[in-house]
There are 2 protein chains.
Amino acid sequence: MALPPSGRRVTIHDVAARAGVSQPTASLVLSNHPRARVAPATRQRVLDAAAELGYRPNVVAKSLASRRSFALGVIVPDVRNPFVADVITGAERVAADAGYAVLLCDQSARDVRQHLDVLRARQIDGVLLDAVGASTLPDEALAGVNVVLIDEPSERWPGIATDAVMAGRLAADHLLELGHTEMAFIGPASDVHAFRMRERGFVVRLREAGIAMRSARLRRAPATVAGGRDAMRLLLATGPRPTAVFCANDLMAIGALKQALTVGLSLPADLSVVGCDDIELARYVTPELTTISVPARELGARAARLLLQLIEQSTQRVSASRLLPVRLVTRGSSGRAPAAVA
Amino acid sequence: MALPPSGRRVTIHDVAARAGVSQPTASLVLSNHPRARVAPATRQRVLDAAAELGYRPNVVAKSLASRRSFALGVIVPDVRNPFVADVITGAERVAADAGYAVLLCDQSARDVRQHLDVLRARQIDGVLLDAVGASTLPDEALAGVNVVLIDEPSERWPGIATDAVMAGRLAADHLLELGHTEMAFIGPASDVHAFRMRERGFVVRLREAGIAMRSARLRRAPATVAGGRDAMRLLLATGPRPTAVFCANDLMAIGALKQALTVGLSLPADLSVVGCDDIELARYVTPELTTISVPARELGARAARLLLQLIEQSTQRVSASRLLPVRLVTRGSSGRAPAAVA
DNA sequence: TTGTAAGCGTTATCAG
DNA sequence: CTGATAACGCTTACAA
């Protein structure tokens with residue numbers, strides 16, 4: 001009873017016909033439903049027929065019927081940020097292993113709300129939000145979707161985050177140990193939680209050490225290399241020069257570092273620069289960048305796993321959302337504080 | 001006649017009921033079909049009803065019925081490669097503007113064949129293949145899908161490519177002008193067209209200038225920073241040192257540059273290094289990297305536009321696939337050949 | 001254990 | 001111009 005699929009793609013109907021069973025039975029077998037009790041012989045016939053015909057299920061039809069798309073949305077500020085690319089890589093890997101596709105949603109293409117609307121229209125099973133300021137979104141924007149926030153702890157939504165406060169503290173500790181007292185911070189103006197916490201950890205630790213940071217030493221700029229460069233320029237133009245700068249991420253730190261070199265400072269003799277993230281690039285600038293290592297891929301992978309658990313309502317407890325640890329990586333851009341300050 | 005959608009998402013049925021028209025009529029209006037002739041009054045009633053109910057079309061249902069997913073697959077070797085991230089950004093932007101979603105397919109998650117199978121199962125409307133060696137795929141792997149190849153000219157599939165041969169020639173010209181005669185090339189072993197052409201352009205131009213490159217000066221390694229570093233190490237360990245190296249991409253060039261510095265060479269006095277791509281990072285290493293600028297975003301954007309044209313069978317001629325131009329960007333990593341060679 | 005019947009939310013093809 | 005009626009390919013009760 002070989003139904004030669006004349007041009008048409010082979011559907012589950014064809015498989016059922018060839019196996020001599022009803023179409024729903026074929027479905028039961030092919031979607032290997034957990035509580036589907038089908039006779040071994042029947043099952044085998046169906047499987048054979050499917051193999052012989054080269055049957056490939058149609059995910060769209062499956063989605064419509066089951067109201068699940070087997071797809072995850074990943075909303076990020078910018079894929080070109082290496083840290084973000086790492087997060088995505090970790091998430092995609094986990095998603096792919098679980099049979100889920102990943103819809104890439106970059107804020108440079110659409111804003112977060114629009115992305116969410118689009119994803120909803122596609123019956124997306126879940127969404128990962130990475131550093132897009134979810135807390136600033138109106139509640140209804142996220143209503144009705146499974147969401148996991150990355151690096152942005154929240155009361156309403158589950159998430160996976162890194163120990164951002166600790167990142168700031170480690171940076172502060174490192175610079176304090178090197179004898180610095182004139183410190184500055186460069187961070188983005190945006191409302192991204194992790195950046196705020198890195199700043200807080202840094203400032204609080206300094207305060208604990210009896211060092212207050214003057215407001216002129218707290219600069220805001222876009223979280224890019226250009227932003228870091230500009231912020232450093234302003235920093236050097238205003239008042240007495242700091243001897244150490246902590247930046248909210250490595251991109252800004254690299255900008256700051258380059259700017260310092262450009263105006264003739266020598267690093268780390270005149271100025272120490274510490275970044276955060278430990279992107280690959282941090283090792284390729286000169287001097288190599290001292291930074292706080294943050295497990296980006298792991299972050300993405302865990303977030304994806306958590307999201308899948310949410311979606312599949314697995315009974316097993318969702319992994320306690322401890323903060324992922326960060327650690328100091330000492331390289332050439334930081335050193336002892338200069339003896340005398342201008 | 002307000003049908004309060006009790007919990008259920010509002011469907012086109014609800015809209016039709018509220019507007020007092022049949023459901024297919026509502027569909028005609030809401031999908032603003034080109035050749036659908038609906039009475040203005042009716043149309044308005046439908047639109048009002050949709051607005052009042054907050055109707056959002058279900059893309060999955062639409063896909064099943066229309067056999068189009070309104071989604072594009074983008075298969076890339078690695079999102080973490082900054083050049084690739086740029087290509088993706090360009091493509092996603094175009095896709096989003098046209099109402100298409102982008103499924104990210106990274107080779108680190110699955111291999112190309114598997115990605116293609118998955119995409120087909122999702123009734124993907126088209127696929128962008130970036131530097132994944134499409135020519136090595138069996139024909140049936142790409143059968144039945146709209147495909148646009150990026151940077152890999154082919155007889156069978158349309159594509160957008162950059163002038164890779166010219167990139168190699170420009171690098172050669174630049175180094176020849178600087179008086180170099182002892183040249184080397186570092187490139188990947190993989191079968192990626194653009195890389196091969198860059199190499200060919202380089203080698204051919206040298207040959208035209210009467211300079212033959214000895215095989216020991218042609219090193220193969222993975223197209224990463226680590227690969228470039230390793231290749232440079234071997235290069236320096238074997239025979240007389242070259243005075244100039246052209247690398248198939250910036251990542252390798254940066255690795256090569258770092259390795260040269262590590263063993264105490266001074267750049268560009270002892271050695272000139274030229275990369276290719278002009279990724280942002282090229283400006284952040286020290287010395288800054290001389291490289292061949294390749295319009296990555298434009299490449300992705302054009303490829304996406306071409307793919308959309310293919311999909312929508314628009315009668316307008318597909319943009320003649322001229323090679324996108326590349327240009328030399330001279331920075332600090334290249335300089336005059338040293339007077340005497342070891 | 002298996003088959004029947006009824007959707008899932010659209011689009012598409014027709015009559016009226 | 002509009003409205004039945006039938007797909008699209010699959011899942012999920014519910015019967016047999």
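What's counted below: heavy atoms across the whole structure, side chains too, no hydrogens, waters or symmetry copies. Naming: A, B, ... by sequence-line order, numbering from 1 per chain.
Of the candidates D/dT2, D/dC10, C/dG9, D/dC10 carries the atom nearest the A/Ala61 side chain, counting heavy atoms from C-beta on. In the set D/dG9, C/dC8, D/dT2, the nucleotide with an atom closest to the side chain of A/Arg67 is C/dC8. Proximity note for B/Ala65 (side chain, C-beta onward) versus C/dG9, D/dT11, D/dT2: the nearest is C/dG9. Listed nucleotides D/dT2, C/dA12, C/dT2 differ in distance to A/Thr42; the shortest reach to its side chain belongs to C/dT2. Of the candidates D/dC10, C/dT10, D/dG3, D/dC10 carries the atom nearest the A/Tyr55 side chain, counting heavy atoms from C-beta on. Checking D/dC10, C/dT1, D/dT12 against every side-chain atom of A/Ser66, the shortest atom distance belongs to D/dT12. Closest contact between the side chain of A/Val38 and the listed nucleotides C/dT11, C/dT2, D/dC10 involves C/dT2. Distance from the side chain of A/Pro24 is smallest to D/dT12 among C/dT1, D/dG3, D/dT12. Distance from the side chain of A/Thr11 is smallest for D/dC10 among the nucleotides D/dC10, D/dC1, C/dT10.
Partner A/Leu306 forms a side-chain contact (heavy atoms from CB on, under 4.5 Å) with one of A/Val94, A/Ile311, A/Ile160 and no other, that one being A/Ile160.
Salt bridge annotation for B/Asp78-B/Arg80: present, with a cationic side-chain nitrogen under 4.0 angstrom from a carboxylate oxygen. Taking a cutoff of 4.0 Å between a charged side-chain nitrogen and a carboxylate oxygen, B/Arg120 and B/Asp117 qualify as a salt bridge. The pair B/Asp97-B/Arg93 counts as a salt bridge, with a side-chain nitrogen and a carboxylate oxygen less than 4.0 angstrom apart.
Protein atom NZ of B/Lys62 is 14 Å distant from nucleotide atom C1' of C/dA12, rounded to whole Å. Atom-to-atom, CG of B/Leu28 to P of C/dG9 comes out at 20 Å; the value is rounded to the nearest Å. Atom CZ of A/Arg9 and atom C1' of D/dG9 are 10 Å apart (whole Å). Here C/dG9 presents its P atom at 14 Å from CG of B/Leu53, a figure rounded to the nearest Å. Atom CG in A/Leu30 sits about 15 Å away from atom P in D/dG9, given to the nearest Å. Regarding A/Arg68, its CZ atom lies at a distance of 12 Å from the P atom of D/dT11, rounded to whole Å. Summarising the geometry, the separation between CD on A/Gln44 and P on C/dT1 is reported as 17 Å, rounded to the nearest angstrom. Rounded to an integer number of Å, the gap from CD of A/Gln23 to C1' of D/dG9 is 8 Å.
Among the heavy atoms of the strands lying under 4.0 Å from A/Val21 are primed sugar atoms or P, OP1, OP2 only; no base atom is included. If you check every strand for non-hydrogen atoms under 4.0 Å, A/Ile12 touches sugar and phosphate atoms only.
With a 4.5 Å cut-off on side-chain heavy atoms, B/Leu72 and B/Leu308 count as touching.
For the residue pair B/Gln123 and B/Ser63, no side-chain donor N or O sits within less than 3.5 Å of a side-chain acceptor on the partner. Between the side chains of B/Tyr100 and B/Arg68, a donor-acceptor pair is found at a separation under 3.5 Å.
Phosphate contact (OP1/OP2 of C/dG3, side-chain N/O of A/Ser22, threshold under 4.0 Å): present. Distances shown here put a side-chain N or O of B/Ser27 below 4.0 Å from the OP1 or OP2 atom of C/dT11.
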Tabulate protein N/O versus nucleotide N/O from nucleotides 14-16 of chain D, keeping only pairs under 3.5 Å, one per line.
none

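For the pair A/Val102 and A/Ala95, the tightest heavy-atom approach, listed with the atom from each and the gap, is CG2-CB, 3.7 Å.
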